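First the structure, in the form of structure tokens, and then the observations on it.
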Number of protein chains: 2
Amino acid sequence: MPRPPQRLLSPEIITEAAIESVDETGDFTMPGLAGRLKVRPSSLYNHVSGRAEIVEFMRARLMAGIDVTSQSGSWSETVAALASEYRRSYAEHPRLIPLFTAHTVQAGVAFGLYNALAQAFSDGGFEPGETLHAITTVDSFVLGSALDLAAPEVQWSSGPEVNNAMKAALATSGKNPERADAAFEFGMRVLISGLVAQLPTAH
Amino acid sequence: MPRPPQRLLSPEIITEAAIESVDETGDFTMPGLAGRLKVRPSSLYNHVSGRAEIVEFMRARLMAGIDVTSQSGSWSETVAALASEYRRSYAEHPRLIPLFTAHTVQAGVAFGLYNALAQAFSDGGFEPGETLHAITTVDSFVLGSALDLAAPEVQWSSGPEVNNAMKAALATSGKNPERADAAFEFGMRVLISGLVAQLPTAH
DNA sequence: ACCTGAACACCGTTCAAGT
DNA sequence: ACCTGAACACCGTTCAAGT
């Protein structure tokens, strides 16, 4: 069969198919992608350098969906809005997140977000060193929360090893994603009030 | 060659070899493990059910290294000590952590830690629902921070897309693991003071 | 009980051959 | 320019055969 009249593939098409595959199955393979796109596996290599690059394209697509134009109110409200927006973006495709943890984030894809956070912390009165740590703290918390969202139902099997305090806590647990959402909102309140408390002017 | 006089393998020996491999290379394979143990790949299946079980054994070994007997002072000091101990345990083998994010934690391996956290939050006056969210918040933050530790040097390539606030922040950045350690300690202070602020009696 | 050898299905990637 | 077919090295796993 000769080359078809219309182009069958592009990096965007491949990335989209990979995201669909991960959404549905939790992972993707090159043959699986090829099958989804009615193409042979070797054809993919005309558009992407390999599997690793597809993962980076997925990361970039997710990061590009983050809206950093949240110029509302105080610096702490801006940080809260950015963190929520960051996590919302992850939450659209929770099963992608484990794929991202294997390799470090190649800077450049997240400039917008990091710039906006740095501006907010700087405006709030944090020194540069604290600003870097504050960004890292927000980043760590959002990533950890997103992984929590990707986790299936926790089978806690309230056995005898669970003490009373934990039993009572578990009894309140709803299903994902509601439980993970509520935990994230609680953690956000904790984080923001804790950040405010770090400023000398705050006491 | 017949069966050797001494047992060559055990789940513990295999788990240990896997941890060594991940520490050195960031991953492990069954043939790689077999080579390390001077054995054929198929021999491993007499002791473990497969690759996935080895990952769970590594997780259990890491979790078992967490010392939860930190009965010092107030509830918030206990939480801080537990979180630090949790993170210290991860930090001993940072490259393991990405392997753990693919599958959810099967409860049971972390009872001790979760019980101790639940007790501390309950003692502090948190209601059961808040206790669950507080545990999740600590868990998310520690996991995210541990992944930050596993990341290689951040190549930030201070290009023109980086704004002034971010440039100043990056200029203070040291090398890992020192940078990640300092960020974790900053985040811990934020988290603890934020948790204290959630209690009605705290204002 | 436990190690081995051979085998199988599958994966990521390369590359010459086509149009 | 881009899809294909064949090939390669590699991986996880199974299982009958040995002792």
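The structure displayed is predicted, hence computed values, not measured ones. Naming convention: chains lettered A, B, ... in sequence-line order (proteins, then strands); numbering from 1 in each chain.
Judged by distance alone, the side chains of A/Gln119 and A/Asn115 never bring a donor and an acceptor atom under 3.5 Å apart. With 3.5 Å as the limit, one finds no donor-acceptor pair spanning the side chains of B/Asn163 and A/Tyr114. Side-chain contact of A/Thr25 with A/Asp27: a donor-acceptor pair under 3.5 Å is absent, judged by distance alone. Side-chain contact annotation: B/Ser122 with B/Thr131, donor-acceptor N/O pair under 3.5 Å absent.
The nucleotide whose nearest atom lies closest to any side-chain atom of A/Met30 is, among C/dC2, C/dT13, D/dT13, C/dT13. Residue B/Arg51 places its side chain closer to D/dT13 than to any other of D/dC3, C/dC3, D/dT13. Looking at the side chain of B/Tyr45, the nearest of the listed nucleotides D/dC11, D/dC3, D/dT13 is D/dT13. With D/dC3, C/dT13, C/dT4 as the choices, the nucleotide that has an atom nearest any side-chain atom of A/Asn46 turns out to be D/dC3. Relative to the side chain of B/Thr29, the nucleotides C/dC2, D/dC11, C/dG5 differ in distance, and D/dC11 lies closest.
Aromatic ring orientation, B/Phe121 versus B/Phe126: perpendicular (interplanar angle above 60°, classes split at 30° and 60°).
For the OP1/OP2 pair of C/dC3 and a distance below 4.0 Å, the side-chain nitrogens and oxygens of B/His47 include at least one atom meeting the criterion. Here A/Ser43 does not reach the OP1 or OP2 of D/dC2: none of its side-chain N or O atoms lies under 4.0 Å away.
Residue-to-nucleotide contacts include a donor-acceptor pair under 3.5 Å from the side chain of A/Ser42 to the base of D/dG5.
Taking atom CG of B/Leu37 as the reference point, atom C1' of C/dC2 lies 14 Å away to the nearest angstrom. In this structure, the CD atom of B/Glu53 is 14 Å from the C1' atom of D/dT13, given to the nearest Å. Rounded to whole angstrom, the span from the CG atom of B/Asp27 across to the P atom of C/dG12 amounts to 14 Å. Computed from coordinates, the B/Leu8 CG to D/dT19 C1' distance equals 14 Å when rounded to whole Å. The distance between atom CZ of B/Arg40 and atom P of D/dA17, rounded to the nearest whole Å, is 21 Å. Separating the CD1 atom of A/Ile14 from the P atom of D/dC3 is a distance of 8 Å, rounded to the nearest angstrom. If you take CD1 of B/Ile54 and P of D/dG12, they are 9 Å apart, rounded to a whole angstrom. In this structure, the CG atom of B/Leu44 is 14 Å from the P atom of C/dC2, given to the nearest Å.
For DNA chain C, the stems formed by at least three consecutive Watson-Crick or G-U pairs, with both atom-pair distances below 3.5 Å, span C:4-8 with D:12-16, C:12-16 with D:4-8.
Contact check on A/Lys175 versus A/Glu178 returns no salt bridge, with no Lys/Arg side-chain nitrogen under 4.0 Å from an Asp/Glu carboxylate oxygen.
Under a cutoff of 6.0 Å and an axis angle of 45°, A/Arg179 and A/Phe184 do not form a cation-pi pair.
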